[in-house]
Amino acid sequence: MLRKMKNNLAEILFITSYPPRECGIATYSHDLISALNNKFNISFSIKVCALEPGKANYTYPPEVRYTLDTSLVSGYEQLALSINKDKNIKIVLLQHEFGFFKNQEKTFQKFLRTVSKPLIIVFHTVLPHPDWQLKSEIRDIESSCESIIVMTNNSSDILINDYGIPEQKISVIAHGTHLVRHLSEKFLKIKYGLKGRKVLTTFGLISSGKSIETTIDALPAIIKECPDVTFLIIGKTHPEVIKYEGEKYREIIEEKVIRNSLQDHVIFINRYLPLPVLLEYLQLTDIYLFTSNDPNQAVSGTFVYAMSCACPIISTPIPHAKEVLTDDIGIIFDFYDSQELADDVIRLLNNGPLRRSISSNTLQKIVSTVWENSAVAHAMLFEKISRETISLKYTLPVINLNHLKLMTTATGIIQFSKFNQPDISSGYTLDDNARALVAMCMYLKQTGDPDCIIEIRKYLNFIKFCLQPAGEFLNYVDKDKQFTSQNQSVNLDDSNGRAVWALGYLISLTGLLPPDIVSDACSIIVKSLLRFEAVYSTRAMAFAIKGLYYYESIKKFPWNRFLLITFANRLVQMYRHESNTTWEWFETYLTYANSILPEAMLYAWLVTGDTVYKDIAISSLDFLLTQIFNENGIEVISNKNWLQKGQVAGHFGEQPIDVAYTIMTLSKFYDVLKNTDYLEKMHIAFNWFLGNNRLHQIIYNPCTGGCYDGLEETHVNLNQGAESTVSYLMARLTMEKYH
């Protein structure tokens with residue numbers, strides 16, 4: 001059925017060079033198509049027409065449907081006819097580089113005019129100050145297409161100001177970058193035989209335009225100050241260069257290395273590296289050097305690959321570098337100026353804190369351009385110009401426990417991370433371990449995977465450790481497993497409520513779990529509930545109701561039911577006191593974990609059958625949904641400013657945990673009430689993690705399996721702590737049964 005449905009999807013034809021052809025645009029297109037397929041393979045299908053510079057003998061992957069020998073006139077007309085006849089093709093996207101069509105410019109322009117499908121042109125080079133002929137050529141291309149994509153604001157400005165292209169026709173979508181796990185630099189240097197070395201790197205298909213001699217001429221001065229320097233030159237000679245001049249340029253560089261006695265400091269890696277290997281070389285790099293001598297190079301793929309690996313970059317002033325390399329994330333030096341380059345390299349190599357600061361700033365700068373975000377931007381453009389033949393549906397990522405396991409020690413799950421690396425100095429919390437226990441119990445229920453019982457034991461043992469003799473739980477534990485003073489300065493009722501929720505949910509899985517785990521959980525929850533009647537915190541009571549509902553499904557004790565009804569009645573009183581026709585809520589404000597309150601009322605109704613609880617559950621949830629769903633999707637209440645009664649919501653500081661709780665609440669309401677509006681909103685809310693949010697950026701990181709810590713006003717918080725990672729996992733597991 002899926003295969004049949006996929007065959008009926010709208011098709012987008014990419015006209016581009018394509019692997020195994022070795023060129024930058026081929027790699028770019030392959031990376032973009034991979035990202036689009038990963039995120040939107042149930043929305044549209046992508047096919048490729050591979051551009052070839054004359055006779056070629058490539059073996060292409062299955063997505064390549066056509067080839068075009070760009071040197072032959074006849075191929076253009078035949079391709080246009082094939083495109084126009086194919087009813088499945090809804091959009092054509094063409095990657096444009098002047099060298100592709102230089103021998104058949106008029107034929108190429110006629111081809112563009114002949115294609116009857118909506119056409120997108122991606123300009124990889126945009127030359128400023130065009131003469132009349134070039135300006136006329138670009139204007140002809142523009143008149144044949146529906147949309148133009150460029151990769152920098154500078155290129156957009158040139159098209160508007162120098163060519164007179166309408167601004168509304170141009171989309172700026174930055175060159176994509178790779179999500180990287182960021183392995184240890186020390187480990188990678190040992191792996192590649194560079195232990196103890198300071199590594200300078202450049203990479204890409206080699207040609208004289210890279211001006212590698214600028215670095216070679218700078219090396220003697222650099223080595224004098226930093227004798228442990230190694231310069232890596234990664235990449236084979238460009239195939240088009242080999243065609244006309246062989247290895248002449250590389251031989252010139254090799255001779256210069258020998259002449260300057262630099263053989264111990266320069267390593268040529270004369271091959272086209274697989275992507276994972278290339279990214280590892282870049283991760284071990286101390287400084288990336290970009291020495292292009294072309295002042296009109298609009299964008300560089302090698303440049304952004306280095307940024308994705310958090311390399312500090314020293315670059316010549318190509319337009320891309322001037323736009324991206326602000327003072328806090330890189331250094332710009334003049335073309336061919338080896339002395340300036342040497343001074344900059346020495347300064348950076350001798351200043352470790354500055355390099356680390358640049359690396360951190362680079363990651364924050366580059367995250368908006370990862371391939372997943374590029375795919376979202378392209379897909380939104382496809383939907384816009386598709387004449388209603390494409391409707392975007394995000395593909396559910398596979399369930400990935402890698403980051404959760406990375407964050408988990410023998411003690412429990414660590415509270416915070418620095419980017420994707422656990423920050424053990426932040427210690428542990430009951431909150432995070434209770435949520436992690438829920439998540440892993442959900443995972444066990446869905447998969448039956450017995451391996452996850454290892455983590456379940458860890459998280460349950462942490463909850464047991466936090467239980468105090470009087471029955472209350474403490475929340476904050478340091479890295480040495482000592483309770484911190486924060487436990488005395490913060491109200492811990494909500495944490496206690498979350499613990500009851502987690503314990504009750506675990507007990508509800510009796511039969512799936514080893515008996516000793518269930519027995520432990522029962523002992524803990526019984527002791528904690530003895531003093532819970534004194535809890536009046538709104539969300540603590542709601543979490544407790546949720547835990548009691550699950551506990552009640554296995555063990556029916558009068559005290560449990562009494563507590564549940566007591567808490568539910570308190571929430572009813574709060575609702576009746578605060579609600580009116582325009583504010584159907586329990587408090588005079590909306591804060592965090594809001595959806596837990598109507599969900600608790602639904603559970604109370606399911607246990608007791610009292611329709612008062614049901615009515616309040618529905619009215620309060622429906623009110624909440626009006627406050628957090630809009631034309632942009634879901635925008636949960638900001639953690640910067642709570643929404644006060646009678647005020648307008650602010651949406652900067654959206655937390656994954658609130659989106660996840662909303663999804664879980666909608667799931668329960670849909671399962672019980674079968675209102676399809678809840679199901680629709682559930683999907684909308686989950687897509688927030690995948691890029692359907694205010695910034696159109698991913699919050700879930702599919703490379704690590706972690707989740708970013710929040711959506712801020714202008715950027716994503718790149719740390720992947722326990723709260724956000726576990727929250728995403730709970731949301732993803734919730735969505736599985738609707739897949």
Side-chain angles (χ1 to χ4, degrees), residues 14-31 48-61 64 66-76 78-79 94-109 111 122-127 134 137 175 202-216 232-257 266 268-275 278 290-303 305 316 318:
F14 274 54
I15 302 178
T16 178
S17 58
Y18 205 67
R21 180 176 174 183
E22 294 173 348
C23 83
I25 292 178
T27 303
Y28 169 92
S29 292
H30 182 267
D31 289 341
V48 174
C49 171
L51 299 176
E52 298 178 343
K55 290 184 178 180
N57 189 28
Y58 298 123
T59 301
Y60 289 110
V64 176
Y66 308 103
T67 59
L68 174 65
D69 181 343
T70 55
S71 66
L72 298 178
V73 173
S74 58
Y76 290 86
Q78 182 58 49
L79 177 61
L94 186 141
Q95 306 287 357
H96 180 275
E97 183 57 79
F98 290 101
F100 283 165
F101 310 104
K102 61 185 178 182
N103 297 323
Q104 295 292 348
E105 290 179 6
K106 290 184 178 179
T107 305
F108 168 64
Q109 290 177 11
F111 164 78
V122 183
F123 282 120
H124 286 256
T125 298
V126 179
L127 299 174
L134 178 58
E137 180 183 336
H175 192 299
T202 193
F203 89 93
L205 293 170
I206 304 299
S207 70
S208 59
K210 287 193 173 294
S211 193
I212 294 171
E213 64 272 17
T214 302
T215 303
I216 300 300
L232 302 181
I233 303 171
I234 301 174
K236 61 196 296 185
T237 302
H238 198 294
E240 293 299 301
V241 172
I242 288 180
K243 194 181 295 184
Y244 294 103
E245 61 180 56
E247 293 284 7
K248 179 181 176 182
Y249 178 68
R250 181 183 295 276
E251 290 165 359
I252 291 172
I253 298 301
E254 289 173 342
E255 183 183 335
K256 185 180 278 281
V257 168
V266 178
F268 290 88
I269 302 175
N270 184 16
R271 60 187 187 276
Y272 201 81
L273 294 180
L275 179 63
L278 173 61
F290 186 83
T291 55
S292 168
N293 57 22
D294 181 2
N296 294 320
Q297 184 170 351
V299 70
S300 166
T302 67
F303 184 93
Y305 275 43
T316 49
I318 67 166

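The analysis underlying the following values was restricted to heavy atoms, covering all of them including side chains, and did not include hydrogens, waters or symmetry mates. As the structure is a prediction and not an experimental result, all values here were calculated from the model.
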Checking [Y] against [X]: is there a side-chain donor and acceptor pair closer than 3.5 Å?
{"X": "Gln109", "Y": "Tyr76", "answer": "no"}
{"X": "Thr27", "Y": "Tyr305", "answer": "no"}
{"X": "Ser29", "Y": "Thr16", "answer": "yes"}
{"X": "Thr125", "Y": "Glu97", "answer": "yes"}
{"X": "Glu52", "Y": "Thr67", "answer": "no"}

Identify, with sequence neighbours excluded, every residue that meets salt bridge (charged side-chain N to carboxylate O under 4.0 Å, His left out) alongside Lys243.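 Once residues adjacent in sequence are excluded, the partners of Lys243 under the salt bridge (charged side-chain N to carboxylate O under 4.0 Å, His left out) criterion are Glu240.
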Quick check: closest heavy atoms across [X] and [Y], and the distance to 0.1 Å?
{"X": "Leu68", "Y": "Cys49", "value": "CB-SG, 3.9 Å"}
{"X": "Pro19", "Y": "Ala26", "value": "CD-O, 3.3 Å"}
{"X": "Ser292", "Y": "Asp294", "value": "OG-N, 3.2 Å"}

Stepwise, does the ring-ring contact (aromatic ring centres under 6.0 Å, His included) test hold for His124 with Tyr28? CA-CA 10 Å; His124 286 256; Tyr28 169 92; 4.9 Å; yes
Less than 4.5 Å apart, any side-chain heavy atom of [X] and any of [Y]?
{"X": "Glu22", "Y": "Lys236", "result": "yes"}
{"X": "Asn270", "Y": "Arg250", "result": "yes"}
{"X": "Tyr272", "Y": "Leu205", "result": "yes"}
{"X": "Pro53", "Y": "Arg21", "result": "yes"}
{"X": "Phe290", "Y": "Ile318", "result": "yes"}
{"X": "Tyr58", "Y": "Val64", "result": "no"}
{"X": "Phe111", "Y": "Ile15", "result": "yes"}
{"X": "Pro20", "Y": "Tyr60", "result": "yes"}

Decide yes or no on side chain to side chain contact (heavy atoms under 4.5 Å, CB included) for Val241 and Tyr249, but give the supporting numbers first. CA-CA 9 Å; Val241 172; Tyr249 178 68; 5.5 Å; no
Quick check for you: to the nearest 0.5 Å, what is the distance between [X] atom [atom1] and [Y] atom [atom2]?
{"X": "Ser207", "Y": "Ile212", "atom1": "OG", "atom2": "CD1", "value": "8.0 Å"}
{"X": "Thr237", "Y": "Ile242", "atom1": "OG1", "atom2": "CD1", "value": "5.0 Å"}
{"X": "Leu278", "Y": "Phe203", "atom1": "CG", "atom2": "CZ", "value": "4.5 Å"}
{"X": "Ile233", "Y": "Thr215", "atom1": "CD1", "atom2": "OG1", "value": "8.0 Å"}
{"X": "Leu94", "Y": "Phe14", "atom1": "CG", "atom2": "CZ", "value": "10.5 Å"}
{"X": "Ser300", "Y": "His175", "atom1": "OG", "atom2": "NE2", "value": "7.5 Å"}

Should Ile253 and Phe268 be marked as a side chain to side chain contact (heavy atoms under 4.5 Å, CB included) after you check the CA-CA gap, both sets of side-chain angles, and the distance that decides it? CA-CA 10 Å; Ile253 298 301; Phe268 290 88; 3.6 Å; yes
Could I get the full list of ring pair (Phe, Tyr, Trp, His ring centres under 6.0 Å) partners for Phe98, not counting sequence neighbours?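 Only His96 meet the ring pair (Phe, Tyr, Trp, His ring centres under 6.0 Å) criterion with Phe98.
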Just by distance, do the side chain of Thr291 and the backbone of Lys210 share a donor-acceptor pair under 3.5 Å?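 Judged by distance alone, yes, a pair lies under 3.5 Å.
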Asn293 side chain to Thr316 main-chain N or O, any donor-acceptor pair under 3.5 Å?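 No; judged by distance alone, with no hydrogens or angles, the pair does not exist.
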Run the side chain to side chain contact (heavy atoms under 4.5 Å, CB included) check on Val266 and Ile216 step by step: do they pass? CA-CA 9 Å; Val266 178; Ile216 300 300; 4.3 Å; yes
Stepwise side chain to side chain contact (heavy atoms under 4.5 Å, CB included) check, Thr70 with Phe108: CA-CA 9 Å; Thr70 55; Phe108 168 64; over 6 Å; no
